[in-house]
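Each remark here refers to the structure printed beneath this line.
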Amino acid sequence: MSIPCDGILLGAGHNSLVLAAYLARSGLRVIVLERGPAPGGGLTTEENPRLPGFFHNTHSFFHRAITTTPWYRDLELERHGARYVEPELNVAMILGDGRALEWWTDLDRTAESFAEFSAKDATALRWWVAEFEPIVDQILTIEAQSPPLSPDRRRELLNRSRLGRRLLEIAQLSPVEFVRREFENDAIRAGLLFFNGLREIDLQLPGFGHSVPALLAGRHKAQLCMGGSARLADALAADIREHGGEIRTAAEIRAVLVRGGRAAGVELATGERIEARAFVASGLNPQQTFLELLDAGSVPHDVRERAAKFEYNLLAPLFALNLALSEPPRYKAADRRPELARAFMVILGLERFSQFAEIVSAHERGEIPPPVMWGACPTLFDSSQAPPGKHTAFLWEKLPYALRGSAAHWDAEKEEHARRMLALWSAYAPNLAEGAVLDWFCRSPLDTERRLPNMRRGDLLVGSFANGQVGYNRPFAGAGEYRSPVEGLYLCGGFTHPGGNITGLCGYNAAGVIAVDLGLRRWWPSRPVERALESVA
Ligand SMILES: Cc1cc2nc3c(=O)[nH]c(=O)nc-3n(C[C@H](O)[C@H](O)[C@H](O)COP(=O)(O)OP(=O)(O)OC[C@H]3O[C@@H](n4cnc5c(N)ncnc54)[C@H](O)[C@@H]3O)c2cc1C
């Protein structure tokens with residue numbers, strides 16, 4: 001049976017939810033279809049089935065500057081229950097000798113911490129933050145919040161201003177080159193790269209040298225969603241429903257239907273068909289969208305080829321160890337530095353710049369690299385995620401998807417690896433080996449792909465920035481402005497500009513493009529990127 005609606009969204013990742021919310025508020029009847037049991041994709045919070053009352057954020061946790069995004073404000077997500085905190089000691093890299101490199105929300109405190117390692121690097125930090133703050137505010141933020149310009153037009157506009165030329169100059173470097181050139185201390189270099197690598201940029205790729213100072217200069221840091229990451233998805237879902245939209249879970253999409261060359265609806269795995277009068281928007285990766293869901297005859301041959309060549313990040317897959325605890329991890333280093341007891345993101349095992357080469361080469365060989373782990377104890381900042389007085393914590397490690405050539409090895413080996421991680425963690429926080437752990441479970445890169453098949457090969461960013469897959473050419477040339485080569489079919493997932501992670505900006509930007517194509521009145525403010533770049537000093 002066919003139920004007509006105006007628009008269908010494939011997958012209920014946060015980008016699809018953001019897009020659906022804007023279009024529902026524009027008066028369209030939208031349906032979001034999700035194969036899993038709840039909307040949100042990477043916004044997942046699971047209750048421990050063995051220990052009710054303990055909640056674990058099994059995908060995203062560190063949400064960067066969410067409260068400053070335009071969609072968080074436009075969609076009134078706080079009215080729908082979303083609430084964020086931004087812990088002051090935002091990131092702490094704890095070294096084996098008990099020292100710690102700290103990133104605070106307050107630049108002065110960060111610079112003080114840098115100065116303990118190198119006075120020269122503390123000065124460089126302040127210099128680069130001052131240099132990049134206007135570039136972030138006047139260029140990079142606006143570019144991320146707008147459909148991408150063609151590379152030629154972008155370069156022409158940036159070349160007109162001093163800030164634009166500065167950005168182009170620094171961008172020519174790779175992050176590794178930038179850090180080597182501008183900072184001297186080994187631990188600081190390693191920390192800066194790792195901190196940046198959390199955004200999963202290919203650290204050796206020229207064209208991304210600006211990403212390190214941009215991250216340092218960003219005024220807002222990692223934030224935590226109170227109640228767990230899934231509460232952000234709940235708030236988005238509430239807004240969609242309030243404006244007449246529908247979200248259907250346990251709805252696996254089998255095919256996108258094309259009629260007269262135009263995307264006209266979908267077929268579910270159950271055989272049910274749903275028709276769309278105006279558009280279909282896909283939050284599913286290019287291979288799923290163009291090769292698996294669309295009939296070969298509906299997609300030009302060259303588009304199928306480009307979709308097939310879409311690449312994933314070698315270094316993005318994560319292995320996660322999740323703990324239910326009777327007390328928070330008590331780091332030995334906190335004896336000397338009590339502030340570490342309230343650190344938000346904690347990095348362990350990172351000491352030297354040269355570890356990057358070792359990690360990359362282990363990933364290329366499909367082997368487990370020397371351990372570098374990072375994570376948090378969410379309940380230090382949000383007691384609602386565990387029973388009274390109890391805690392949860394997790395650590396992640398970047399590990400290869402194809403372990404010794406095959407992801408299938410993970411099922412037999414993941415528990416053993418998790419035990420090794422716990423032993424290492426306990427070396428920094430001995431109470432974890434002294435009875436604080438009530439329960440634990442782990443998830444491998446293969447588990448990520450099984451739960452969220454759009455994160456192919458466990459790539460949590462849904463596609464690398466290499467292979468030209470950036471800006472106007474993300475996911476590939478000819479599909480970079482959220483419009484696909486199939487009429488009526490749009491793209492909105494992390495495989496579009498500005499990329500993966502919880503940013504919501506792929507969905508936000510796609511909403512503007514679809515609104516123009518459908519002739520909808522844009523009810524939300526807009527700031528055209530070309531005009532903004534023309535006015536840069
Ligand atoms: C372990 C882990 C940790 C992470 N940590 C962070 C972090 O701290 N900070 C951060 O910013 N990001 C983090 N991320 C990355 C972030 O979660 C993703 O980049 C983001 O979720 C991508 O959003 P999206 O909207 O593109 O789609 P997704 O969140 O990937 O959602 C896509 C949805 O489509 C559904 N789907 C797939 N196939 C079908 C089908 N055939 N039919 C119907 N539905 C389908 C999936 O079930 C899923 O719900 C993490 C990811 C993982 C895995």
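Here the structure is a predicted model, which is why all the values come from computation and not from measurement. Atoms within each ligand, like the ligands themselves, are counted from 1 in listed order. Position 1 is the first residue of the sequence; numbering continues from there. FYI, side chains are in, hydrogens and waters are out, and symmetry mates aren't considered; it's all heavy atoms of this structure.
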query = Side chain or backbone of Thr58 under 4.0 Å from ligand 1, or both, or neither, by non-hydrogen atoms?
reply =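 The answer is the backbone.
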Heavy atom of [X], distance to ligand 1 below 4.0 Å:
X	value
Phe495	no
Leu293	no
Gln288	yes
Ala251	yes

Would you kindly say whether [X] and [Y] are connected by a side-chain donor-acceptor distance under 3.5 Å?
X	Y	result
Asn57	Gln385	yes
Asp459	Tyr401	no
His63	Tyr84	yes
His417	Glu397	yes
Ser384	Asp382	yes
Asn285	Asn454	no
His59	Thr44	yes
His80	Asp239	yes

* Is the backbone N or O of Tyr22 less than 3.5 Å from a side-chain atom of Ser26, with the two atoms forming a donor-acceptor pair by type? ->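 Judged by distance alone, yes, a pair lies under 3.5 Å.
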Under 4.0 Å from a heavy atom of [X]: which atoms of ligand 1 are those, numbered in the order shown and with their elements?
X	answer
Gly11	34 (O), 35 (C), 44 (N)
Leu452	46 (C), 47 (O), 48 (C), 49 (O)
Met455	17 (O), 18 (C), 21 (O), 30 (O), 53 (C)
Gly493	26 (O)
Gly41	29 (O), 31 (O), 48 (C), 49 (O)
Leu318	1 (C), 2 (C), 3 (C)
Asn15	23 (O), 24 (P), 25 (O), 26 (O)
Gly494	26 (O)

Under 3.5 Å: N/O of [X] near N/O of ligand 1:
X	value
Arg35	yes
Leu43	no
Phe62	yes
Phe61	yes
Leu460	yes
Ile253	yes
Val462	no

Quiz item: side-chain contact (heavy atoms from CB on, under 4.5 Å) with Thr448: which residues, sequence neighbours excluded?
Solution: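 Met455.
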Nearest non-hydrogen contact with atom 12 (N) of ligand 1 belongs to which option: Asn501, Asn454, Thr448?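 Selected option, by shortest heavy-atom distance: Asn501.
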Quiz item: Which of these, Ala233, Gly36, Gly13, has its nearest heavy atom closest to atom 31 (O) of ligand 1?
Solution: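 Heavy atom nearest to atom 31 (O) of ligand 1 belongs to Gly13.
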Specify the closest pair of heavy atoms between Val30 and Ala20, including all atoms of both residues, with the distance to one decimal.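 Result for this residue pair: CG2-O, 3.8 Å.
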Residue list, side-chain hydrogen bond (donor to acceptor under 3.5 Å, both in side chains) with Gln145, at least two apart or on another chain =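 Gln145: no side-chain hydrogen bond (donor to acceptor under 3.5 Å, both in side chains) contacts found.
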From the list Arg262, Arg29, Arg259, salt bridge (charged side-chain N to carboxylate O under 4.0 Å, His left out) with Glu275 holds only for Arg259
